[in-house]
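These notes concern the structure reproduced below.
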Amino acid sequence: MDGPAGAPARLRRLQSMTKADKDGPDDAWEGVVSAKSRGMLDGSNMYHFVDVRLADGRSMKVRISRRLWKSLAVGDRIAKRPESEPFRS
(Lines give C-alpha, C1' and ligand atoms only; values in the text may rest on other atoms or scores of the structure.)
Protein backbone atom coordinates (compact mmCIF):
# COMPACT_ATOMS: atom_id res chain seq x y z
CA MET A 1 0.00 0.00 0.00
CA ASP A 2 1.44 3.36 -1.00
CA GLY A 3 1.41 6.31 1.35
CA PRO A 4 -0.35 9.59 0.72
CA ALA A 5 0.64 11.49 -2.42
CA GLY A 6 2.65 14.00 -0.37
CA ALA A 7 4.68 11.36 1.53
CA PRO A 8 8.44 11.27 0.86
CA ALA A 9 9.54 8.68 -1.70
CA ARG A 10 11.55 6.65 0.81
CA LEU A 11 8.52 6.35 3.11
CA ARG A 12 6.36 5.15 0.21
CA ARG A 13 9.11 2.65 -0.73
CA LEU A 14 9.28 1.29 2.84
CA GLN A 15 5.50 1.00 3.05
CA SER A 16 5.39 -0.91 -0.24
CA MET A 17 7.96 -3.52 0.84
CA THR A 18 6.56 -7.00 1.20
CA LYS A 19 7.76 -9.59 3.69
CA ALA A 20 9.67 -11.29 0.85
CA ASP A 21 11.70 -8.08 0.31
CA LYS A 22 13.00 -8.01 3.89
CA ASP A 23 16.02 -9.97 5.06
CA GLY A 24 15.24 -12.70 7.54
CA PRO A 25 17.18 -14.42 10.32
CA ASP A 26 18.42 -17.17 7.97
CA ASP A 27 19.64 -14.81 5.23
CA ALA A 28 23.29 -14.12 4.52
CA TRP A 29 24.69 -11.32 2.40
CA GLU A 30 27.62 -8.94 2.15
CA GLY A 31 28.26 -5.71 0.32
CA VAL A 32 29.32 -2.08 0.44
CA VAL A 33 27.38 0.76 2.11
CA SER A 34 26.19 3.14 -0.62
CA ALA A 35 24.04 5.46 1.54
CA LYS A 36 22.93 6.00 5.15
CA SER A 37 19.57 7.31 6.32
CA ARG A 38 17.43 7.52 9.41
CA GLY A 39 13.93 8.60 10.22
CA MET A 40 11.08 8.58 12.69
CA LEU A 41 8.75 6.54 10.51
CA ASP A 42 6.21 5.91 13.25
CA GLY A 43 6.58 9.33 14.87
CA SER A 44 8.17 8.14 18.08
CA ASN A 45 11.11 5.80 17.33
CA MET A 46 14.25 6.58 15.33
CA TYR A 47 15.09 3.91 12.74
CA HIS A 48 18.54 3.64 11.10
CA PHE A 49 19.05 2.27 7.59
CA VAL A 50 21.86 1.69 5.11
CA ASP A 51 21.62 1.05 1.38
CA VAL A 52 23.92 -1.86 0.55
CA ARG A 53 25.29 -2.62 -2.91
CA LEU A 54 25.77 -6.39 -3.16
CA ALA A 55 28.50 -8.09 -5.23
CA ASP A 56 25.99 -9.12 -7.92
CA GLY A 57 25.00 -5.46 -8.47
CA ARG A 58 21.70 -5.59 -6.61
CA SER A 59 20.94 -3.02 -3.95
CA MET A 60 19.00 -3.45 -0.73
CA LYS A 61 17.93 -1.25 2.17
CA VAL A 62 18.64 -2.74 5.59
CA ARG A 63 17.57 -1.59 9.03
CA ILE A 64 20.49 -1.69 11.48
CA SER A 65 21.24 -0.71 15.08
CA ARG A 66 22.13 2.87 15.96
CA ARG A 67 25.52 1.75 17.23
CA LEU A 68 26.42 0.08 13.92
CA TRP A 69 24.95 2.99 11.92
CA LYS A 70 27.17 5.48 13.76
CA SER A 71 30.29 3.36 13.11
CA LEU A 72 29.71 3.04 9.34
CA ALA A 73 30.56 5.41 6.51
CA VAL A 74 29.68 5.23 2.82
CA GLY A 75 32.14 2.81 1.21
CA ASP A 76 32.50 0.56 4.28
CA ARG A 77 31.87 -3.17 3.93
CA ILE A 78 28.94 -4.71 5.82
CA ALA A 79 27.81 -8.33 6.09
CA LYS A 80 25.17 -10.52 7.66
CA ARG A 81 25.44 -14.21 8.47
CA PRO A 82 22.54 -16.57 9.22
CA GLU A 83 21.15 -16.19 12.75
CA SER A 84 23.10 -12.98 13.42
CA GLU A 85 22.72 -9.21 13.09
CA PRO A 86 24.50 -7.24 10.35
CA PHE A 87 28.10 -6.33 11.22
CA ARG A 88 30.97 -4.27 9.82
CA SER A 89 33.38 -6.46 7.87
Side-chain angles (χ1 to χ4, degrees):
M1 177 173 152
D2 284 341
R10 73 172 189 267
L11 182 57
R12 286 194 305 270
R13 183 173 58 237
L14 286 173
Q15 289 174 337
S16 67
M17 289 175 63
T18 64
K19 185 156 179 69
D21 295 331
K22 298 178 184 175
D23 65 321
D26 294 330
D27 291 342
W29 48 262
E30 102 177 60
V32 176
V33 175
S34 57
K36 293 172 53 174
S37 61
R38 63 185 180 158
M40 295 180 69
L41 304 178
D42 62 4
S44 62
N45 296 304
M46 182 67 73
Y47 295 97
H48 298 80
F49 300 95
V50 289
D51 290 331
V52 179
R53 172 73 56 184
L54 304 175
D56 63 5
R58 290 182 302 137
S59 205
M60 62 189 286
K61 189 169 201 158
V62 181
R63 182 176 160 201
I64 60 174
S65 70
R66 177 180 181 263
R67 183 180 209 187
L68 178 59
W69 187 86
K70 288 182 77 170
S71 74
L72 290 172
V74 172
D76 287 347
R77 296 195 59 74
I78 186 172
K80 181 187 179 304
R81 300 291 173 241
E83 302 299 326
S84 72
E85 294 296 317
F87 60 93
R88 187 177 183 164
S89 62

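- The shortest side-chain heavy-atom distance between Tyr47 and Arg38 does not fall under the 4.5 Å cut-off.
- Between Ser71 atom OG and Arg66 atom CZ the span is 11.5 Å, to the nearest 0.5 Å.
- Between the CZ atom of Arg53 and the CG atom of Asp51 there is a distance of 9.0 Å, given to the nearest 0.5 Å.
- Using a 4.5 Å heavy-atom cutoff, the side chains of Val32 and Val52 are not in contact.
- Side-chain contact between Leu41 and Phe49 is present, with at least one heavy-atom pair separated by less than 4.5 Å.
- When the side chain to side chain contact (heavy atoms under 4.5 Å, CB included) test is applied to Glu83, the partners found at least two apart in sequence or on another chain are Pro25, Asp26.
- Residues satisfying the side chain to side chain donor-acceptor pair (under 3.5 Å) criterion with Arg88, sequence neighbours excluded, are Asp76.
- Between Ala73 and Val33, the closest heavy-atom pair is O-CB, 3.8 Å.
- Rounding to the nearest 0.5 Å gives a distance of 5.0 Å between CG of Leu72 and CD1 of Ile64.
- Residue pairs that meet the ring-ring contact (aromatic ring centres under 6.0 Å, His included) test with at least one member in residues 67-89, sequence neighbours left out, are His48-Trp69.
- Partners of Arg67 under the salt bridge (Lys or Arg N to Asp or Glu O under 4.0 Å) rule, at least two apart in sequence or in another chain, do not exist in this structure.
- Proximity of Ile78 to Leu68: side-chain heavy atoms (C-beta onward) are separated by under 4.5 Å at one or more points.
- Nearest heavy atoms, Asp42 versus Ser44: OD1-N, 3.0 Å.
- Partners of Arg77 by salt bridge (Lys or Arg N to Asp or Glu O under 4.0 Å), not counting sequence neighbours, listed by chain and number: Glu30.
- With values rounded to the nearest 0.5 angstrom, Met60 atom CE is found 11.0 Å from Ser34 atom OG.
- Side-chain contact between Arg63 and Pro86 is absent, with no heavy atoms from C-beta onward closer than 4.5 Å.
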